[in-house]
Amino acid sequence: MTAATLTGTCPECETDLTVPPMGEGETLSCPECMLTLRVEAVEDGRMHLRMVEVALRDWGQ
Amino acid sequence: MNLRVAVVADRVSWEERQLIAAAPDANLELTWVNDESLCLGAEGAPALAAYDAVLVRSRSYTRGGLIATAAEAAGVRVCNAAKAIRACENKLELRTEMHRAGIPAADHRLVLSRRDFELALGQIPPPFVLKPIYGGMGKRVTLVRTADTAQSVYDYVEDLGHGFEQAMLVEPFLDGGTSIRCFVVGREIVAAAEFASAGGDWRSNAALGNQTRALPRDPALAKIVDDVVDVLGPGVYGIDLFRSGGDLIVNEVNHAPAFRAVAESTGVDVPRAIVNHLREELS
């Protein structure tokens, strides 16, 4: 069963986040510090988040 | 039982989300695998051992070809093939392959130094386009309209470019504000659209949020795309072309193409076409 929302904490500013269901690898922007965060794992409705670059320098495809 | 396919990318964006959602209808299970943590090279590619195949969706113009090469060497089935990805990542390599096969591609000069640049200016006068050999999404592609500004533009390449970023091409300015994107799956064009620059930017690129319109079936377009696929092999490609003097000219081929704009402008279910192709390849 899929949770209606997921929770997590921004690893940079420690803001508590509640978002619609997301999968591993998807990204979101922290509304407080604006960093781009990637969902590394989801366990029991709680996301483990990691800061990533908005766009990598060698993106080109 | 569903076959398992690793979607190798640094993150899941709109396109990957659509592919993952469409996969069960083709009896596939697509799973995101971080392209930053594969550590390929070991026999059997342990990081990919749980998968029946790999779909390379890295946006990086360095990672895709390397990952595909190492995965294939370990016996993993890869889409697109490493050879095709390496050709797509390198604009000079792609142009060379096209010329070798007799497929119209843009005239160009390889520029590795200011002396090369000066010689190129003598052979391809303004307006011309200066573009990096590695790269895409229209980034750093510069339209030089007059010889007055050419040397100043090159100052930035020389001063700020690092290593292979100084490897450039000079090409005649051809596109006239529009370009054609053909989305190919297997050997077939599943969607074709024309991109027009949005007014504030001369570049007409799918990644730059330009205006789009669906294109009807065109035998000339089908022929040149078929020729390109003959060279690269069947796969999933975004083939970008220009019209010049009534002829079609291949500009770029993207090996992990975005498809949101072309899907929305044509109404084609691109994710379904891709997962069905993967299923056929694995059967």
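In what follows, chains carry the letters A, B, and so on, assigned in the order in which the sequence lines appear, proteins first and then strands, with residues in each chain numbered from 1. Keep in mind that what you see is a predicted model, and the values were worked out from it rather than measured. Just so it is clear, the values below take in all heavy atoms, side chains as well, and ignore hydrogens, waters and symmetry mates.
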Does this structure show an ion pair linking [X] with [Y], if we count only N-O contacts that are shorter than 4.0 Å?
| X | Y | value |
| --- | --- | --- |
| Lys91(B) | Glu171(B) | no |
| Arg63(B) | Glu36(B) | yes |
| Arg38(A) | Glu40(A) | yes |

Sub-4.5 Å heavy-atom contacts with chain A: which residues of residues 17-35 of chain B show up?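 From residues 17-35 of chain B, the residues near chain A are Arg17(B), Trp32(B), Asn34(B).
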Has Ser60(B) got a side-chain atom pairing as donor or acceptor with Thr62(B)'s backbone, closer than 3.5 angstrom?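 Checking the backbone N and O of Thr62(B) against the side chain of Ser60(B), a donor-acceptor pair under 3.5 Å is found.
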Counting only N and O atoms by type, is there a donor-acceptor contact under 3.5 Å from the side chain of Arg77(B) to the main-chain atoms of Glu281(B)?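 Yes; at least one donor-acceptor contact below 3.5 Å.
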Is it true that, when you exclude Phe164(B) itself, more than 12 heavy atoms of the residues, nucleotides or ligands shown sit nearer than 6.0 Å to its CZ?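 It does: Phe164(B) CZ has more than 12 such atoms within range.
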Check whether Glu165(B) gets within reach of chain A through its side chain, its backbone, both or neither, counting any heavy atom under 4.5 Å.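 It is the side chain, since no backbone atom gets that close.
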